[in-house]
Enquirer: 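My questions all concern the structure below.
The figures that follow rest on heavy atoms only: side chains count, while hydrogens, waters and symmetry mates do not.
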Amino acid sequence: MAAFALVTGVASPVLASPALAAPGLAQHLSAHAYAAPHVHGRAVYLWDATTGQDLLDKQAGERMPVASLTKMMTAYIVLRDANLDDQVTIKRQDLEYAWDNDGSTADLEAGDTLPVRELLYALLLPSGADAAHALARVYGPGVPGFVDKMNAAARELGLNDTLYVNADGLPTSHGDGYSTARDQARLAEIALRNPVFKKVTSTSQHSTEDGRYDWYNTNHMLGLPGAIGVKTGSTNAAGFCLAFAADRDGHRLIGIILGEDVASRRWDTAETLLDWATDSGR
């Protein structure tokens, strides 16, 4: 059984200004070169998980829906409570849940039985709400029980501005869940400590061993140097969201974009932030 380490109370020291070699024009040019780039989205957060430094904070503590970034916690609970070789049988109710709520799917078929290790790809690459429902149904047991586990884990991990209402981040008639960019960055860092989660979210394409399914990652960041995932998401309420991470120069950089209006602009913003953090030596 895979296990995660639990952490709470991660400090976020204030980022120091970069040292400058000389005053005057050189100082002005250096300061301009290192200035934080302009970013779009309701909330944007970039964090150096290796040093604990906040590198960029735009409303990182504001509560808002996070769409399918929710599935990071779903994967966390499954990896904590399940064995990778456990067999899960897909039911029609899993498919109907995704269809009825306009969720993205892994195109699972009712009656198929897949091991948990495969369903994690179905959950995190095409962002399958059908896979999320099946896993929550089995490992709650029952979806309400699973959501209770998600919220209990959020409290244990110190994600005090996070509330889950389902295992997939889709809107509900009773209201949406919420989190913050800062909480989601902390969760991504914890989840990436698990080598299975890191491997899955770093995979661009995956085919099941029996050839029944072929899934492609919705994350367009994986071609960048050191990129290791993590998750995309979008709903009308949440806008376009992205959790991204990369290992650069001995530092693990983790970023969150929430409430972006333009889907494709997420990738440009994330790449710009990673390059800025790397080039400026932050």
Side-chain angles (χ1 to χ4, degrees), residues 2 66-143 146-147 149-150 164-172 177 188 191-192 194 196-222 228-235 238 240-244 263 266:
V66 298
S68 284
L69 270 58
T70 296
K71 295 179 179 113
M72 291 194 292
M73 180 61 86
T74 301
Y76 174 89
I77 298 297
V78 170
L79 283 164
R80 186 192 68 182
D81 292 357
N83 291 307
L84 294 176
D85 293 326
D86 286 354
Q87 299 292 315
V88 174
T89 299
I90 306 303
K91 295 187 176 182
R92 185 162 184 82
Q93 69 188 78
D94 303 322
L95 315 184
E96 290 177 343
Y97 171 82
W99 297 337
D100 293 345
N101 291 282
D102 294 324
S104 54
T105 77
D107 293 326
L108 299 175
E109 296 185 11
D112 279 357
T113 299
L114 294 91
V116 165
R117 70 174 69 250
E118 298 286 19
L119 283 177
L120 287 170
Y121 285 98
L123 175 75
L124 295 170
L125 270 62
S127 199
D130 45 1
H133 192 273
L135 289 165
R137 173 175 53 77
V138 172
Y139 291 102
V143 174
F146 191 88
V147 174
K149 287 183 176 181
M150 295 171 72
Y164 296 106
V165 297
N166 52 31
D168 45 70
L170 290 171
T172 77
L192 284 167
N194 185 296
V196 175
F197 183 91
K198 181 174 178 283
K199 178 182 178 182
V200 173
T201 64
S202 300
T203 299
S204 296
Q205 180 272 335
H206 177 78
S207 299
T208 56
E209 290 185 2
D210 58 15
R212 284 182 294 172
Y213 297 101
D214 192 25
W215 297 305
Y216 292 86
N217 203 322
T218 58
N219 187 354
H220 297 177
M221 304 300 298
L222 296 180
I228 50 175
V230 183
K231 190 71 190 72
T232 65
S234 66
T235 64
F240 297 100
C241 304
L242 177 66
F244 60 97
R266 291 173 293 178

Enquirer: Who are the side-chain hydrogen bond (donor to acceptor under 3.5 Å, both in side chains) partners of Thr74, not counting sequence neighbours?
Expert: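 Result, side-chain hydrogen bond (donor to acceptor under 3.5 Å, both in side chains) vs Thr74: none returned.
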Enquirer: With Val78, which of Leu84, Val88, Leu120 fulfils side-chain contact (heavy atoms from CB on, under 4.5 Å)?
Expert: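 That would be Leu120.
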Enquirer: What residues form a side-chain hydrogen bond (donor to acceptor under 3.5 Å, both in side chains) with Thr172, not counting sequence neighbours?
Expert: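 Once residues adjacent in sequence are excluded, Thr172 has no partner under the side-chain hydrogen bond (donor to acceptor under 3.5 Å, both in side chains) criterion.
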Enquirer: How far apart are the closest heavy atoms of Ala75 and Leu124, and which atoms are they?
Expert: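 Where Ala75 meets Leu124 most closely, the heavy atoms are CB-CD1, 4.0 Å.
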Enquirer: Considering all heavy atoms of both residues, which atom of Ala167 and which atom of Val147 are nearest to each other, and what is their separation?
Expert: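 Taking Ala167 first and Val147 second, the nearest heavy atoms are N-CG2, 4.3 Å.
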Enquirer: Are the side chains of Tyr76 and Asn194 in touch, meaning some heavy atoms are under 4.5 Å apart?
Expert: no
Enquirer: From Leu114 CG over to Glu209 CD, what is the distance, rounded to the nearest 0.5 angstrom?
Expert: 11.0 Å
Enquirer: With sequence neighbours excluded, tell me which residues meet side-chain contact (heavy atoms from CB on, under 4.5 Å) with His220.
Expert: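 If we apply the side-chain contact (heavy atoms from CB on, under 4.5 Å) test to His220, skipping adjacent residues, the hits are Trp267.
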Enquirer: Asp107 and Tyr213: which non-hydrogen atoms are nearest, and at how many Å?
Expert: O-CE2, 3.2 Å
Enquirer: For the residue pair Leu119 and Ala131, what are the closest heavy atoms and their distance?
Expert: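 Looks like O-CB, 4.1 Å.
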Enquirer: Under the rule for side-chain contact (heavy atoms from CB on, under 4.5 Å), what residues qualify as partners of Asp86, not counting sequence neighbours?
Expert: Ala82, Asn83, Val116, Tyr139
Enquirer: Output all residues satisfying side-chain hydrogen bond (donor to acceptor under 3.5 Å, both in side chains) with Thr201, sequence neighbours left out; order by chain, then residue number.
Expert: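 Thr201: no side-chain hydrogen bond (donor to acceptor under 3.5 Å, both in side chains) contacts found.
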Enquirer: Which residues pass the ring pair (Phe, Tyr, Trp, His ring centres under 6.0 Å) test with Tyr121, sequence neighbours left out?
Expert: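 Partners of Tyr121 by the ring pair (Phe, Tyr, Trp, His ring centres under 6.0 Å) criterion, ordered by chain and then number, come out as His206.
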Enquirer: Could you state the interatomic distance from CG (Leu95) to OG1 (Thr105), rounded to the nearest 0.5 Å?
Expert: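 OG1 of Thr105 is found 8.5 Å from CG of Leu95.
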Enquirer: Who passes ring pair (Phe, Tyr, Trp, His ring centres under 6.0 Å) against Tyr97, sequence neighbours left out?
Expert: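 For Tyr97, the residues satisfying ring pair (Phe, Tyr, Trp, His ring centres under 6.0 Å) (neighbours in sequence not counted) are His133.
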Enquirer: How far does CG of Asp112 sit from OG1 of Thr208, to the nearest 0.5 angstrom?
Expert: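 OG1 of Thr208 is found 9.0 Å from CG of Asp112.
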Enquirer: Which residues pass the side-chain contact (heavy atoms from CB on, under 4.5 Å) test with Ala106, sequence neighbours left out?
Expert: Leu108, Ala122, Pro126, Asp130, Trp215
Enquirer: Measure the spacing between CH2 of Trp99 and CZ of Arg92 and express it to the nearest 0.5 Å.
Expert: 4.0 Å
Enquirer: Looking at residues at least two apart in the chain, or sitting in another chain, which of them share a side-chain hydrogen bond (donor to acceptor under 3.5 Å, both in side chains) with Asp214?
Expert: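 Counting only residues at least two positions away or on another chain, Asp214 forms a side-chain hydrogen bond (donor to acceptor under 3.5 Å, both in side chains) with Gln205, Ser207, Tyr216.
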Enquirer: Quick one: closest heavy-atom pair of Ser202 and Lys198, and the distance?
Expert: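 Result for this residue pair: OG-O, 2.7 Å.
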Enquirer: Looking at Leu69, Asn219, Thr218, which hits side-chain contact (heavy atoms from CB on, under 4.5 Å) with Leu242?
Expert: Asn219
Enquirer: As a quick check of understanding, evaluate side chain to side chain contact (heavy atoms under 4.5 Å, CB included) for Asp168 and Thr70, giving each step before the final call.
Expert: CA-CA 6 Å; Asp168 45 70; Thr70 296; 5.7 Å; no
Enquirer: Not counting sequence neighbours, which residues clear side-chain contact (heavy atoms from CB on, under 4.5 Å) with Asp85? List them please.
Expert: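 For Asp85 the side-chain contact (heavy atoms from CB on, under 4.5 Å) partners, ignoring immediate neighbours, are Arg117.
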Enquirer: List for me each residue that meets salt bridge (charged side-chain N to carboxylate O under 4.0 Å, His left out) alongside Glu109, sequence neighbours excluded, and say none if there are none.
Expert: none
Enquirer: How long is the straight-line distance from NZ of Lys231 back to NZ of Lys71, given to the nearest 0.5 Å?
Expert: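 If we round to the nearest 0.5 Å, Lys71:NZ and Lys231:NZ are 5.0 Å apart.
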Enquirer: So which atom in Ile90 and which in Ala134 form the shortest heavy-atom distance, rounded to 0.1 Å?
Expert: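 Shortest heavy-atom separation between Ile90 and Ala134 comes out as CD1-CB, 3.9 Å.
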Enquirer: Of all residues at least two apart in sequence or in a different chain, which pass the ring pair (Phe, Tyr, Trp, His ring centres under 6.0 Å) check with Phe240?
Expert: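 Applying ring pair (Phe, Tyr, Trp, His ring centres under 6.0 Å) to Phe240 gives none.
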Enquirer: At what distance, to the nearest 0.5 angstrom, does OH of Tyr164 lie from CE of Met73?
Expert: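 Reported to 0.5 Å precision, the distance equals 4.0 Å.
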